Amino acid sequence: MNFNIVGDIFFPPACVSCGDSIAHGALCAACRHSIVLFNTFFCGICTARLPDGKKICHKDALFLLGAAAPYDDDALRALIHALKFQGIAAAAVPLAEILAAYTAQLQLDLHEWTVAPIPLSRERARARGFNQSALIAQPFARAQGIPFSEHLLIRIVHRKPQSDTEDIFERRENIKGCFALAPGADVERKNIILVDDVVTSGTTFAEAARILRLAGAKKVLALAVAKA
Ligand SMILES: [Zn+2]
Ligand SMILES: [Zn+2]
């Protein structure tokens, strides 16, 4: 017997946002539908929201930024907290669905793309037990029918979380040199989708995109579920 089934019988799941009991999953239908998705891209450099249909703001951006919904949305924030800080893995599924609904709305052709999560350092992965970005990226890739490469990028330096930094300058310094392409990985002429749970200043995506482009990646699309 599946342990999740046993768990559901004794502890019927509750919506992580409103607390209503639900048959399965992490979010009730009402809370899911309350989340209003963005319908544009953002600039990879200044994170400004781009006008409808536009993909360019700062021309030298190494990547295009997408974010599904605002982080100050209660239901979305509750999902991310449940996944990251309460270890409720089921919360990754609606987060992946929200990301998929956003890319569907933008009518992106993701055919020739490979999905990779922003990696955690080994220390943090060990402490948390999982990489929340990978848990979101995998079902997202599966829904798109495109490859998922969990360890395309590795984190080679362990520093403090970006959320503990004071300003954009410290964020840039803090993340610099943190990532490397995994040994044997080949991204030459490939299109890579980077996935993370939350984007704030975009410095983490920018550093990951820089490594990918240096290694020959053609295009990089950075997708966050939430934009702070
Ligand atoms: Zn709810
Ligand atoms: Zn810009």
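One-based numbering, in listed order, for ligands and for the atoms of each. Numbers here are sequence positions counted from 1. In this text, all values refer to a predicted model and were calculated from it rather than measured experimentally.
The atom name of the N/O/S atom in H58 closest to the Zn ion (ligand 2) is ND1.
In this pair, H81 and Y71 present their aromatic rings parallel. The plane angle is below 30°, not in the 30 to 60° band.
At the Zn ion (ligand 1), the angle from SG in C28 to SG in C18 is 110° when rounded to 10°. The angle that C46 SG and C43 SG make at the Zn ion (ligand 2), rounded to 10°, works out to 110°.
In the hydrophobic cluster analysis, where Ile, Leu, Val, Met, Phe, Trp and Tyr join through side-chain heavy atoms closer than 4.5 angstrom, F38 is grouped together with F205. One hydrophobic cluster, built from ILVMFWY side chains closer than 4.5 Å, cannot hold both F179 and L214; they sit in different ones.
With respect to K84 and D197, a salt bridge is recorded, a charged nitrogen being found less than 4.0 Å from a carboxylate O.
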